[in-house]
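Counting convention: from 1, in listed order, for ligands and their atoms alike.
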Amino acid sequence: MLSVLVVNGPNLNLLGTRQPEVYGRVTLAEIEADLAQLAASRGATLAFFQSNGEGALIDAIHAARGKHDAIIINAGAYTHSSIALMDALAAVDLPVIEVHLSNIHARETFRRHSYIARVAVGQITGFGPFGYRLALEAALDLLERQTANGTKGPTP
Ligand code: DQA
């Protein structure tokens, strides 16, 4: 069974009450419950991890090696600052799907650059909580195609 790790970074534990005009009113627990249901309907399994700390996020990414088939990540503000997180994702060599609730390209200039994008298969940004569903569909589609082809690494 395919297994995907869903990682959320700093301040995303406050979803639902944090700047609702930007991030909406859906909580992280609700997003995770919805995703778990979608995964079950697709015959896949999910694990969830959230931390406000860069080191804890890196440790969780390292632990995904050999345990999960792909990583969905919303790294929050570390997206724009963390070379260490980018290096961790590159090191474990799993397909990475980057998610943001808001459209980072339509906001402040400092949010337009993503270190995660360099090591991601692709980026889903601006669709609110629905973006996590899109990310899961993208991850499963990729993994199923890789399994069918017997190939490793991202396929076009
Ligand atoms: C975010 C966008 C980031 O710029 C911001 O720091 C976040 C949330 C998003 O999901 O839109 O914490 O990743």
Considering only distance and modelled atom types, tabulate donor-acceptor pairs under 3.5 Å from the side chains of residues 59-69, sequence neighbours left out.
unit_1: Arg65; atom_1: NH2; unit_2: Ala91; atom_2: O; d: 3.1
unit_1: His68; atom_1: ND1; unit_2: Ser3; atom_2: OG; d: 2.7
unit_1: Asp69; atom_1: OD2; unit_2: Ser3; atom_2: N; d: 2.7

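Between the side chain of Tyr23 and the backbone N or O of Pro129, no donor-acceptor pair lies under 3.5 Å. Judged purely by atom type and a 3.5 angstrom limit, Thr79 uses its side chain to pair as donor or acceptor with the backbone of Gly76.
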Dump the pairs for me: ligand 1 N or O, protein N or O, distance under 3.5 Å, to 0.1 Å.
unit_1: ligand 1; atom_1: 4 (O); unit_2: His80; atom_2: NE2; d: 2.7
unit_1: ligand 1; atom_1: 4 (O); unit_2: Arg111; atom_2: NH1; d: 2.8
unit_1: ligand 1; atom_1: 6 (O); unit_2: Ala77; atom_2: N; d: 3.2
unit_1: ligand 1; atom_1: 6 (O); unit_2: Arg111; atom_2: NH1; d: 3.1
unit_1: ligand 1; atom_1: 10 (O); unit_2: Asn74; atom_2: ND2; d: 2.9
unit_1: ligand 1; atom_1: 10 (O); unit_2: Leu101; atom_2: N; d: 2.8
unit_1: ligand 1; atom_1: 11 (O); unit_2: Leu101; atom_2: N; d: 3.3
unit_1: ligand 1; atom_1: 11 (O); unit_2: Ser102; atom_2: N; d: 2.9
unit_1: ligand 1; atom_1: 11 (O); unit_2: Ser102; atom_2: OG; d: 2.6
unit_1: ligand 1; atom_1: 12 (O); unit_2: Arg18; atom_2: NH1; d: 3.1
unit_1: ligand 1; atom_1: 12 (O); unit_2: Arg18; atom_2: NH2; d: 3.0
unit_1: ligand 1; atom_1: 13 (O); unit_2: Asn74; atom_2: OD1; d: 2.8
unit_1: ligand 1; atom_1: 13 (O); unit_2: His100; atom_2: ND1; d: 2.8

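Applying the side-chain hydrogen bond (donor to acceptor under 3.5 Å, both in side chains) test to Asn103 and every residue at least two apart in sequence or in another chain returns nothing.
Ring orientation note: the planes of His100 and His80 are close to parallel, at an angle under 30° on the 30°/60° scale.
Applying the side-chain hydrogen bond (donor to acceptor under 3.5 Å, both in side chains) definition to pairs two or more places apart or across chains, those involving residues 122-132 are Asn8-Tyr132, Asn74-Tyr132, Glu98-Gln123, His105-Gln123.
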